[in-house]
Amino acid sequence: MKYFKLFNILGATFGAIIQAELLNTNYRVNQPIINVVDVKKQNGVVCLPDFFPLQDYDPMRPASIPSYSLPQYDENKYTGPNSELDSDILDLLNSLSLEEKAGQMIQLQVGLFIGCDGLINTTAIESMFDEWKIGSVLEATQNRRSRWNINSPQRFANFTNTIQNIALKKGSKIPIIYGLDSIRGANYVKGGTIFPAPVNIAATFNHIHAYNCGKISAKDSRSAGVHWVFSPLADVNMNKLWSRNFENFGEDPYLAGEMVYHSIKGLQGDYKNDRSKVAACVKHFIGYSSPINGQDRQISLIPWNFLLEYLVPPFKRAIDSGVATVMETYGQLNFQSTISSNKILGELLRIELGFNGTLISDWGEVNSQCYRYKTAFDIEDAVRMTLNNGSLDMSMTPDDVMFAKSTIDLVRSGKVDVKRIDESVGRILQLKKDLGLFASPYSDPKLIETVGSIQDVELSRDAARESLILLKNENNALPLSTSEKVLFVGAAFDSITYTTGAWSQHWQGPNEFEGDKVYDIYGESINSGVRNITGNDTNYIVGYDINGVRSHGYKKVVKAARTADKVVFILGEKPSTEEVGNIRTLRMAEDQYNLVKSVSDLTDTPIILILAQNRPFSLGELSSEASAIMNIGLPGPYSGIPIAEVLYGKFSPSGRQPYTYPKLDYQASVTYYTPQWNEFDPEFSFGQGIGYNNITYSEITVNSTELRPGRPISVSVTAKNHGIMVQNEPVLLFTAQLVRRFHVSELYRLRAFDKQFISPGASYTFNFILTAEEMSFINMDMNRVLSEGPVNITINAFNDNAKIAQVYLYEN
Ligand SMILES: *[C@@H]1O[C@H](CO)[C@@H](O)[C@H](O)[C@H]1NC(C)=O
Ligand SMILES: *[C@@H]1O[C@H](CO)[C@@H](O)[C@H](O)[C@H]1NC(C)=O
Ligand SMILES: *[C@@H]1O[C@H](CO)[C@@H](O)[C@H](O)[C@H]1NC(C)=O
Ligand SMILES: *[C@@H]1O[C@H](CO)[C@@H](O)[C@H](O)[C@H]1NC(C)=O
Ligand SMILES: *[C@@H]1O[C@H](CO)[C@@H](O)[C@H](O)[C@H]1NC(C)=O
Ligand SMILES: *[C@@H]1O[C@H](CO)[C@@H](O)[C@H](O)[C@H]1NC(C)=O
Ligand SMILES: *[C@@H]1O[C@H](CO)[C@@H](O)[C@H](O)[C@H]1NC(C)=O
Ligand SMILES: *[C@@H]1O[C@H](CO)[C@@H](O)[C@H](O)[C@H]1NC(C)=O
Ligand SMILES: *[C@@H]1O[C@H](CO)[C@@H](O)[C@H](O)[C@H]1NC(C)=O
C-alpha cells in the first residue's frame, strides 16, 4: 500500500512526481505541450456521417532535419527480460488492488476514445481510466473514424500525451504503454520513414536492412509517443495464397531467424536505457502461416516435429535477441485453442524457449473463444482458461473491458489464483519500467524533427535497391538505355499505393478515394523515379484496372508498343492483408494476362515484366513471353528512384527469391526444403536471382571432408566479377544430405549467407563455418538427432553459377 499512498500524496502536492522511490530519484515529469493546428470547423456537423471520405488531412509535417545523430548504446549484449522483478516493481505490484491489477492486463483500441465528431473525447478517456484503470492502448486513430487522416508526429504525440496525462491522474495512475502495428517503419505516422515490406528485406539477404528498418521504426514511433510495436513476424511462408506472406521474411527458417534477430536489435537495442527504442513484439506464436486452404485465420495442422524443425527456430532467434514481448496467434493449432494451451504457451514458449517477457493476445482473441471459435461457454470461461491453462499476460481485448471484469470476478470466486494475476501484472509493470515510462511517460518532442529525415529515407532506398530480384534477362533486355523509346504500362507504374501495399497509412493501405494523396510528400512512384533518372517525360499508359475490371484500352497499348523499342509492364494488385486479402487462386486478374498477351501476339517489341505484389501470382505463359522479369515485391514509398536506377543500369540488381515462386496453385505449399525425390519444378526457386554482371565462382574449398560434432569445418569460395559494373553479390550456402537412414532429408537447407561488393574485374573470397550440429534435425520422437551420411555443400543452388563440394557427416 505504501507506494500507492505516497503516490497519491505527491500527486496531489506536486502535480506530477511519480513513484519517487520506484526509481530512487525524484523524476519531475514535465508534460510537453505539442500544439497542433485546430480542426476546420465543419459547419453544424456534430457527428461525422457513416461514410466520410473527406476527412481532414493533417496539414502539419515534421521538420525532417536532413541529418541528426542519437546517442549510441551497446546493443550487442543481451538486454532482454529476465524472470526476476525489480524490487521496486514488486513493491508497486503489492500495493495494487485487484481492480488495478486487472486493469493493467487489458489493452483497448483508441476508437473508444474518439467522439462521434472524430476528435479525441477526453470525457470518455477519463471515465474509462477512472473505472477500469486501463494499462494499455493501441491503434492509429486514422483506422478508427478519426477526423484527422494520417497524423503528423506532432498530432500523434499530442494525442498519446493527452491519454498519458489522463492515465497518470486517474485510475491506478500508472503510465500506459501505447502499442501499434508498425511492421516496416512507423507506418501510421505521417512522414515516418516507411521501408520495403519484410519479404523485400528478406530478399536483400543482408540483415543490416532489418536492423535499419527496426531502428528508424523505433525512433519515429517514440517521437509519436508509441512505446511498443507489434513487429517483427517470425512466421515463415508455408502457403503462397496466404494474404500475409509479404509481412514476414520468406519461407526459410534460417533466413527468417536472422532477419528477425536483427530487426529486434534495431527496434529494441538497449531498450532499458535508450529512449529512442521501443519494445518489439514477435508474432504470431505459432503456426499462423500455414492455413491449410491458404485463407487467413483458417486451421493449421502441423506435425509437432515439423513445427519444431521449421517454425520454432525464428522465434527462438527472437528470444535469443532479447525480445521483450510475444504475441500469440489467432485461433488454433492442431485443433487446440492457442490462447489456453499449456503445451504451446507454457511448455514450448515459457519453458523450452525460456521466454520471460510479456505475452499479449492478438486482436480480440479472448472474446473470439466464445463468439468465433466456440471453445468457451462465455467470456468469463474464456478468461478462466486463458489464465489457468495458457500463459497470457495482456489481452488486446480491444473493444471492451470484459477481460478485466472477468478476471476480478474469477479471483473473487476463487477460480483463478491471484498469484497467477501477479505473475502477469509483474511482467507488465517491469516492461513499463524497462521502457522508462515511470521516469518519462511522455513522448520526446526532440525526436519529432528527425522524422522523415533524408538520412532515414536513404536507408529505406538502400533496402529497396538490394531487394529487387531480377529473375530473367534474355538478350540483355535490361538495363534500358535513355536513347531507347520505352513504353511503360500498368497502374502500379504511377502509384506509391500499389508499390507499398497494406500496413501503410491505414491497415489496408490508402483507400481508393485517397490514393497517393495520403502519402503527402513522403514517397515517389516508379513514374516519378524514371522521370528523375532519365530527366525526360515517360511514355506511359495505365492499360489495366487494378480491380480486374476488363479494360478497353488494349488497342491503344498495342499501337504504342509497336512503335516502342521495349515495353515494360508493371503488374500488381491492390494493397490488402488479413481476411480482406484472401484469394482463391494465384492467377492474377485475367485482364493483366490478356493485355500482356495482346502485345506479345501482335507486336515484336521485347516485353519486360515488373511484378509488384503481396504474393507470387502465377505467370503462366507470360513467363516465356517476357524477355526480362523482375520481382519487386512491395518495395515501399521510396522505391521509385531505386527501381528507375536498376531499370536504367545505375546499379546491378542483387535480390534473391526469399521463397519458392510457384507455377500454379498446386504448388502453393511447395518449399525448397521438400524431400529430395519430390517434384520440385517451380516457376522460380528459393535463392534464385541474377545481376547484370557475369559472376563466376571458384571450386569450394573445405579444410576437412569429415564433418563431426564439435569439429566445425571452414568452407570458402571465391567469386569473380567479369562484368563492367560493381556487383553487390549475395552468396547462399546450402547443404543437402544425400542419404539419411530412416528419415528423408530435404532437397536443400540454407545454412549461411553473406553479401559483399565486388568491383569489375575483382574477386572476393567468402568464408563460412559449417558444423555437424547444424545438420541435425527433429525426429518423430521430438529429439534432435544427427544421422551419418554424405553431404553436398552447395553454393548458390538453383543458379547457373552453383558449385558443390562433398563431405561426410559422422554422428560422433
Ligand atoms: C494538443 O494541441 C492543442 C491545440 O493546440 C493544445 O491546446 C493542447 O495543449 C495540446 N495537448 C498536448 C498534450 O500537447
Ligand atoms: C529466463 O529466466 C530464467 C531464470 O532467470 C533464465 O534462466 C533464462 O535464461 C531466461 N531466459 C532468457 C531467454 O534469457
Ligand atoms: C464523449 O464520451 C462521453 C462519455 O462516454 C459521451 O457521453 C459523449 O457523447 C462523447 N462525445 C462525443 C462527441 O461523442
Ligand atoms: C486447466 O487448468 C485447470 C486449473 O489449473 C486444470 O485443473 C485443468 O486440468 C487444466 N485443463 C487442461 C485441459 O489443461
Ligand atoms: C527524351 O525522350 C525522347 C524520346 O524518347 C528522346 O528523343 C530525347 O532524346 C530524350 N531526351 C533526353 C534528355 O534524354
Ligand atoms: C531526383 O531525386 C533526387 C532525390 O530525391 C532529387 O534530389 C533530385 O532533385 C531529383 N532530380 C530530378 C531531375 O527530379
Ligand atoms: C562468364 O565469364 C566466364 C569467364 O570469362 C566465361 O567463361 C563465361 O562464358 C561467361 N558467362 C556468360 C554467361 O557470359
Ligand atoms: C577448420 O576450420 C575451422 C574454422 O576455422 C576450425 O575450427 C577447425 O579446427 C579447422 N579444422 C581443421 C581440420 O583444420
Ligand atoms: C553431390 O555432389 C556430387 C559431387 O560434387 C555430384 O556429383 C552430385 O550430383 C551431387 N548430388 C546432388 C544431389 O546434387
Side-chain angles (χ1 to χ4, degrees), residues 39 41-42 44-50 52 55 108-132 134 137 141 144-148 159 162-163 166 170-171 399-401 470-478 628 652 688-725 727 729 733 751-752 754 758-775 791 793 796 799-803 805 807-810:
V39 284
K41 292 277 176 272
Q42 303 207 344
V45 175
V46 178
C47 289
L48 292 171
D50 278 349
F52 51 103
Q55 288 156 288
L108 300 183
Q109 58 96 355
V110 295
L112 299 171
F113 307 144
I114 295 172
C116 68
D117 53 2
L119 301 176
I120 190 165
N121 185 341
T122 50
T123 316
I125 305 174
E126 281 170 0
S127 65
M128 206 59 133
F129 275 79
D130 228 4
E131 192 172 353
W132 293 102
I134 315 302
V137 296
T141 58
R144 300 279 141 193
R145 289 180 58 81
S146 156
R147 171 71 65 77
W148 291 107
F159 182 83
T162 301
I163 299 177
I166 294 171
K170 300 276 177 188
D399 295 311
D400 61 49
V401 295
L470 182 62
L471 291 162
K472 180 179 180 185
N473 194 17
E474 272 175 12
N475 307 319
N476 296 322
L478 285 176
S652 174
Q688 203 174 325
I690 51 178
Y692 294 148
N693 295 301
N694 173 13
I695 309 291
T696 57
Y697 280 83
S698 68
E699 294 308 318
I700 298 172
T701 56
V702 291
N703 70 349
S704 169
T705 53
E706 294 185 0
L707 189 55
R708 294 177 187 276
R711 292 199 226 160
I713 64 169
S714 66
V715 180
S716 306
V717 68
T718 301
K720 183 165 169 47
N721 182 356
H722 301 272
I724 56 165
M725 299 171 77
Q727 183 63 47
E729 178 73 353
L733 185 151
R751 303 299 182 189
D754 191 4
I758 310 177
S759 301
S763 298
Y764 185 88
T765 300
F766 293 87
N767 296 305
F768 301 98
I769 303 282
L770 185 67
T771 66
E773 288 78 0
E774 288 172 85
M775 299 298 300
V791 168
I793 298 171
N796 296 343
N799 282 310
D800 289 344
N801 53 16
K803 288 287 176 186
V807 297
Y808 199 89
L809 173 67
Y810 293 89

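Every number for a ligand or one of its atoms is a count from 1 in the order of the listing.
With a 6.0 Å radius and a threshold of 12 heavy atoms from other residues, nucleotides or ligands, N703 has its CG atom above the threshold.
For ligand 7, none of its N or O atoms has an N or O atom of T696 under 3.5 Å away. Between C116 and ligand 3, at least one N/O pair is under 3.5 Å apart.
When atom types are taken as modelled, the side chain of N694 and the backbone of H722 share no donor-acceptor pair closer than 3.5 angstrom. A donor-acceptor contact shorter than 3.5 Å is absent between the side chain of N799 and the backbone of N801. The closest donor-acceptor contact from the side chain of R751 to the backbone of E774 lies under 3.5 Å. D130 places no side-chain N or O within 3.5 Å of a backbone atom of K170 that could act as its donor or acceptor partner.
In terms of the side-chain contact (heavy atoms from CB on, under 4.5 Å) criterion, residue partners of T765 (sequence neighbours excluded) are, by chain and number, S716, T718, N767.
Using 4.0 Å as the threshold, S127 has no heavy atom nearer than that to any atom of ligand 3.
Taking every non-hydrogen atom of G115 and a distance limit under 4.0 Å, the qualifying atoms of ligand 3 come out as 12 (C), 14 (O). The atoms of ligand 7 that sit less than 4.0 Å from any heavy atom of H722 are 2 (O), 4 (C), 5 (O). Taking every non-hydrogen atom of N121 and a distance limit under 4.0 Å, the qualifying atoms of ligand 3 come out as 1 (C), 2 (O), 3 (C), 8 (C), 10 (C), 11 (N), 12 (C), 14 (O).
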List below, pair by pair, the N or O atoms of ligand 8 and of the protein that are less than 3.5 Å apart, including the distance to 0.1 Å; reply 'none' if no pair qualifies.
from	atom 1	to	atom 2	distance (Å)
ligand 8	2 (O)	N703	ND2	2.4
ligand 8	11 (N)	N703	ND2	3.0
ligand 8	14 (O)	N703	ND2	3.2

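For the residue pair Q727/Y764, the side-chain donor-acceptor check at 3.5 Å is not satisfied.
Within the 4.5 Å cutoff, the side chain of N721 has no heavy atoms near those of the E729 side chain.
In summary, of the residues considered (I793, T705, T771), a side-chain contact (heavy atoms from CB on, under 4.5 Å) with I713 occurs for I793 alone.
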